[in-house]
Structures are given as structure tokens and as C-alpha cells.
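Data block below; observations after.
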There are 2 protein chains.
Amino acid sequence: MKLQPVDISKTASVADIVFEALRKAIIEGDLKDGEPLRQDEIARLFNTSRIPVREAITMLEQQGLVTTQRYKGAVVASIAPDEVAEIFDFRALVEGTVIKAAVERMSEESRRKARQCHEAFSSSTDPMAWGDLNRQFHYTLYQDSGLPYHLGIVNNALDRIDRYLRAQLMLSNGRARAHDEHLAILEACEAGKAELAADLTRRHILGAKTSLLDHLKRK
Amino acid sequence: MKLQPVDISKTASVADIVFEALRKAIIEGDLKDGEPLRQDEIARLFNTSRIPVREAITMLEQQGLVTTQRYKGAVVASIAPDEVAEIFDFRALVEGTVIKAAVERMSEESRRKARQCHEAFSSSTDPMAWGDLNRQFHYTLYQDSGLPYHLGIVNNALDRIDRYLRAQLMLSNGRARAHDEHLAILEACEAGKAELAADLTRRHILGAKTSLLDHLKRK
DNA sequence: ATATTGTAAATTGGATCCAATATATGCATA
DNA sequence: TATGCATATATTGGATCCAATTTACAATAT
């Protein structure tokens, strides 16, 4: 007998499913800043009761993706330019450290996968896919860092500003620039130059920050 | 008529109260690693139903303070030495950055309050109070950083290892050493030496890390 | 005695119901 | 018309109930 074992106790609850769906909708910008989340409406959409929906919403609140007021409900969290800037600074700090650790123990497999992501990013013509590919590229480079706690925090930070990152990529030369900078980072990783990769990553993130903030102010 | 206005819509729900109580119990070590959280039992303790308890538990899970398994329930999250080490590294990285920003804009008020905390820490004979005073001291020094996002993350990291920090303070010369290092940090802040304060803070945290890990291994 | 199976008790997940609060609507009045 | 008030409706928070699953335990077989 050969069976692929599945740990049932880790299967997703209804709340998990609702949470993931809402999270995706928020970070992809399908649910806009300040848009209210009606428990009843969501429950109907998912053919369930309000209980799992409420659970999903409290999860989202802990993640900072929605804000709730007692008896008024939850709205998609809006985020001030100041906080966007701070999160980019934070990312530069942490992701720099993470990639440095990762380069020193990066597997051949990860390098290959990263290059694949990079190529997919370059050749994709679907602006909606850019955000995913961009994120996947970075994540692949971080994977081998051996710093799961750092990675969790980085992922949460990325969730908070994903919408803006996507917007930034669609700016005039956002994607071309990302392409070039990604390539430089990738080459540093492949050459085993950890400190260089860290430096390029930091600059990559801070560059995206200024570019995005310029754009936000001009509007 | 003079009234202190209170925003009713921000008053705590039952779930918030339960959450805070459980959080406190976990970080102070009253609830031990791996100890199960029975919804029914907790609900009875707080004279409420299981619904707010469940909400509190999902909040704790998002904070990483408990882990849950479907249909099996929640237990206080245990934390491997590796992860303790990683969190200390993370703290050194972020808190160094935070205190550097804070020194450059620290108010007279905050400096005075920090010194008060330091003195209270020195003179307190209650080992249980040390943890609080230690944390309050650091937090006061970080307050003026203008980096609320960073502060939130740091607070969460502290929650995760608070138990171990308390243990570390009670080690042979843990408190004496903390006292000396705190004093050095405080003086650097008062002298406006931001980079020095950052460096001392990083070393303070990494020192606590090695001291604690040594202790964990010896056991 | 040990292992295995079946059943009862305990526990969690989800649905439904009620209470508390907020929002919208209509009416009266200046 | 604009303002204030009262009521109706909508929405969230919490309690209770039922279903799904796990855990404890007794009975049975080897």
C-alpha cells in the first residue's frame, strides 16, 4: 500500500478559506481602502454563517489589513503615505539582512527557481501578474535564509503595501527598472556575494519607495 | 463642565478583555508552554460564552502566542531555542534602528521618564516586576522614534520571548548586567549620541541572547 | 498482558437566535 | 427650508444550540 499521507488536523477551516479570500482581495486591491466588510454579505457569498466570517475578520485585523470599530464593523485599512514610507524603510532593513543570510546558504535549486521567476517577470505582459511574480522572485531568494521568523514578518509587511507595490510597478519605468535591479541582485546571489546582494536589495526597496512616494504626492 | 471625552466606539469588547488577560498570562509565564486553552473553562472563568473566547484565541494565534489544531484546540505556543535566538537577532536589528531614530528627536520628558524607569528597575526587589520595568525602560527610549510600525513589530517580538527575558534577568548576574548596560544606553541617549546608543542597544540584546542560550543549553 | 475495536464523553467548529448599538427615514416644528 | 426628535431598519456582539471530530475508556480477542 502506498498512500500520500495528509495531515487532516491541518486542513483549512471555513474561517481560513474566507480569510485567504479576503486577504487576497485586499492586497490585490479588489477591495479598496475604506471599503466596509459586511459580515452578512460575505457570509452569503461563501454560503456560510457569520461566525467564520467574523473569525476571518479578526485575523485580518491582527494582520493590520482591516480596522474595526465596535458595533460599526470592519473596513479595509487605509494607510497613510507616512506609514507606507516607514514600511519600505523597515523592509529595506530586514530584507537586506535576510538576503545576506540566504546567499550564504542558497541551494542550486533556489537560484534556478529565482532565475525562472525573473524571466517570467520579464516576459509577462499581464500587469496583474507582475505583482505576484515580483513577490515570488524575492521570496525565492529569501527562502534559504534559515530565518523563518524574519520571513513571516517580511511577508506581513509586504501584505500591507502590496497594492502600492503593484501600482509602483505600473509606473512609467517601474517595471524596466525592477527588471534591471532584480537582475543585478540575482547575479550577486549567483556569485555568492552576500553583502553586495544585501546592498542592492536595500537600494532596490528604497528606490521603489521614493519613486512611489513621488507619485503619491504628485497626485 | 469639564469632561474627559471617551470614544465609546473604541471601548473594549469582551473578546478584547479575554485576549489581554490571556496574553498577560502567557507572556508572564503563568500559562506554561504547551498548556491547552479550553474554551469552555475560560468562558466560565470570565462569565461569558465561548464566542468571545474563540475570538481572543484567534487573536493570540495571529500573534504567535498560541498554536491551534483543528478540532484539537489551542495550546500555548512553545518556542524552540533556535527561534528564541532568531528573535533576539531580529530585535537587535530593529531596536538598534529604532533607538537611533528616537535619540535624534527625544524629548526632555522621555529622558526623565527613562531615568525614572531605570532607577525603579535598580531599586526594585520584586523579581516579577523586573520584567515590566525592563520593558518599560526600553519602550520609553523608543517612544519618540516616530516609527510606530517598527514599534508594533518590536512589541510583538517582545511578547514572544517575554518569558525567557524574565528568566534571563533572574540569572546569576543578569540583573546587575542589565543595570550597567541600561545606564550606558541611557547616558548615550542623554548625550544625544544616537549611533552609540544604537550600538549599545544591539550589544545589550545580543548579550542577553548568548547568556540566555547558554543557560538553556546547560539545563 | 497486549492490542484492537466500539462506544460514550469531551471538545471544537459552525449555525441560529437574541441583545446592543448604529444608521436611515419620516414627521413635526420653528 | 432646515432642525430636531422618534421610530424603523440594518448591523454588529454575544449566547445558545447542533454537528463534526477527537479523546477516554471499556469490552473483546489474540
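Quick note: numbers below take in every heavy atom, side chains included, and nothing from hydrogens, waters or symmetry partners. Per chain, numbering begins at 1; letters A, B, ... match sequence-line order.
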Between the base of C:dG14 and the side chain of B:R54, is there a donor-acceptor distance below 3.5 Å? yes

On a plain distance test, is the side chain of B:R50 in donor-acceptor contact with the base of C:dG14 below 3.5 Å? no

Check the distance between C:dG13's P and B:I51's CD1 and give it to me in whole angstrom. 11 Å

Can you check the B:N47 CG to D:dG14 P distance for me, whole Å?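 Those two atoms, CG and P, are 14 Å apart.
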
For B:R115, enumerate each residue passing the salt bridge (charged side-chain N to carboxylate O under 4.0 Å, His left out) test, keeping only those at least two apart in sequence or located in another chain.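 Once residues adjacent in sequence are excluded, the partners of B:R115 under the salt bridge (charged side-chain N to carboxylate O under 4.0 Å, His left out) criterion are B:E190.
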
Taking salt bridge (charged side-chain N to carboxylate O under 4.0 Å, His left out) as the test, write out the residues that go with B:K24, two or more places apart. B:E28

Is it the case that A:R23 places NZ or CZ above or below the six-membered ring of A:F19, under 6.0 angstrom from the centre and within 45 degrees of the axis?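 No, a cation-pi geometry is absent between A:R23 and A:F19.
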
Going by the side chain to side chain donor-acceptor pair (under 3.5 Å) test, which pairs reach into residues 116-127 of chain A, not counting sequence neighbours?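 Those involving residues 116-127 of chain A are A:S122-A:H179.
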
Contacts of A:E104 that satisfy side-chain hydrogen bond (donor to acceptor under 3.5 Å, both in side chains) - sequence neighbours left out: none

Under the side-chain hydrogen bond (donor to acceptor under 3.5 Å, both in side chains) rule, collect the residues that match up with A:R160, sequence neighbours excluded.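 With neighbours one apart ignored, the set is A:E83.
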
Please identify each residue that fulfils ring pair (Phe, Tyr, Trp, His ring centres under 6.0 Å) with B:H150, with sequence neighbours left out.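 Listed in chain order: A:F90.
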
Once salt bridge (Lys or Arg N to Asp or Glu O under 4.0 Å) is applied, what residue pairs with a partner in residues 33-55 of chain B remain, sequence neighbours excluded?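 Sorted result for residues 33-55 of chain B: B:D33-B:R163.
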
Quick one, which residues of residues 55-62 of chain A touch DNA chain D with a heavy atom under 4.0 Å?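 Hits under 4.0 Å, by residue number: none.
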
Enumerate all atom pairs, one protein N or O and one N or O from nucleotides 6-11 of chain C, separated by less than 3.5 Å.
| from | atom 1 | to | atom 2 | distance (Å) |
| --- | --- | --- | --- | --- |
| C:dT11 | O3' | B:R38 | NH1 | 3.3 |

Side-chain N or O of A:T48 closer than 4.0 Å to phosphate OP1/OP2 of C:dA15: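 Yes.
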
